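Take a look at the structure set out below.
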Amino acid sequence: MATVLLRTVIIYFIFTLSVRLVGKRQIGELQLSEFVTTLMLSELAINCIQDISFPISYSLLPLIFLLCAEVIISFLVTKSKKIRKLFLGSPNIIIKEGIINQKELSKQRMSINELLSELRLKDIDDISKVDYAIIEQNGKLSVFEKKNDGGRVDKSQFCYAIITDGELNENDLKYLGIDKKWVDNYLKSKGYQMEQIFLMTLTR
């Protein structure tokens, strides 16, 4: 009994520290790699506590590896567009200017009833009130409503991130109807190069 209690205390403090190092986001906001890491850490902790014959070092070594892997991946995600897209995905517009993108909705494996349910959770009872709806990288739905007078949302209020950390966002360029040449010319007129830009947004 004493051995089980001691293992529980040790694993508790190590696991708490590990989760803190992984991130402070709530469960619903965890990125995919963070969620997988948390599940694996939980399994390692349970095995170590339940099975006394299971050496505690067998849990600690994989735990340290998972923490190192998560820290490295988190760093690479901020530096590489390809790695960021692989682990985090990208935002997906499912309603644009009041029109439902059925192809994107199907791609996200979301039914129209699920979409309506998500809108109701945001106190929107009529889909015709929606101008833009975007599934963010964390899986949550962002919604922009039309004006109260029935017109569209002022495009100056809709912000596109066309450069993040020195890299072009091809999706936003496509939605805006501009290309890399336009961005290069704009930056050149301001005396900048793309590699120098941490964040560039454009409102339309």
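None of these values were measured; they are calculated from a predicted model.
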>> Could you work out, with ring-ring contact (aromatic ring centres under 6.0 Å, His included) as the rule, every residue matching Tyr186, not counting sequence neighbours?
In response: Trp182

>> Lys181: which residues meet the side-chain contact (heavy atoms from CB on, under 4.5 Å) condition with it, sequence neighbours left out?
In response: Asp179, Asn185

> Between OG of Ser142 and CD1 of Ile94, what distance do you get to the nearest 0.5 Å?
Replying inline: 10.0 Å

> What residues, two or more places apart in sequence or in another chain, satisfy side-chain hydrogen bond (donor to acceptor under 3.5 Å, both in side chains) together with Asp125?
Replying inline: Lys129

>> Rounded at 0.5 Å granularity, tell me how far NZ in Lys190 sits from CD in Gln196.
In response: 14.5 Å

> Taking only residues two or more places apart in sequence, or in another chain, which ones meet Thr201 in a side-chain hydrogen bond (donor to acceptor under 3.5 Å, both in side chains)?
Replying inline: none

>> Restricting to non-hydrogen atoms, name the atom on Ala133 and the atom on Leu141 that form the minimum distance, rounded to 0.1 Å.
In response: CB-CD1, 4.2 Å

> With sequence neighbours left out, what residues match Ser106 under side-chain contact (heavy atoms from CB on, under 4.5 Å)?
Replying inline: none

> Rounded to the nearest 0.5 Å, how far apart are CD1 of Ile93 and CG of Leu105?
Replying inline: 13.5 Å

> Which residues satisfy the side-chain hydrogen bond (donor to acceptor under 3.5 Å, both in side chains) test with Ser128, sequence neighbours excluded?
Replying inline: Asp126

> If you measure from CG on Asn92 to NZ on Lys107, what distance do you get to the nearest 0.5 Å?
Replying inline: 6.0 Å

> Should Met194 and Leu187 count as side-chain neighbours, where that means a heavy-atom distance under 4.5 Å?
Replying inline: yes

>> I want to check something: taking the side chain as every heavy atom from C-beta on, are Ile95 and Asn101 in contact at a cut-off of under 4.5 Å?
In response: no

> Looking at residues at least two apart in the chain, or sitting in another chain, which of them share a side-chain contact (heavy atoms from CB on, under 4.5 Å) with Asp172?
Replying inline: Tyr160, Ala161, Ile162, Asn169, Tyr175

> With sequence neighbours excluded, what pairs up with Glu195 under the side-chain contact (heavy atoms from CB on, under 4.5 Å) test?
Replying inline: Gln193

>> Within this structure, what is the OH-CD distance for the pair Tyr132 and Glu97, rounded to the nearest 0.5 Å?
In response: 4.0 Å

>> Under the rule for salt bridge (charged side-chain N to carboxylate O under 4.0 Å, His left out), what residues qualify as partners of Asp184, not counting sequence neighbours?
In response: Lys180

>> Restricting to non-hydrogen atoms, name the atom on Ile134 and the atom on Pro91 that form the minimum distance, rounded to 0.1 Å.
In response: CG2-CB, 3.9 Å

>> Rounded at 0.5 Å granularity, tell me how far NZ in Lys140 sits from CD1 in Ile135.
In response: 14.0 Å

>> According to salt bridge (charged side-chain N to carboxylate O under 4.0 Å, His left out), who are the partners of Glu104, at least two apart in sequence or on a separate chain?
In response: none

> Apart from Leu199 itself, what residues make up its hydrophobic cluster, given side-chain heavy atom links below 4.5 Å?
Replying inline: Phe198

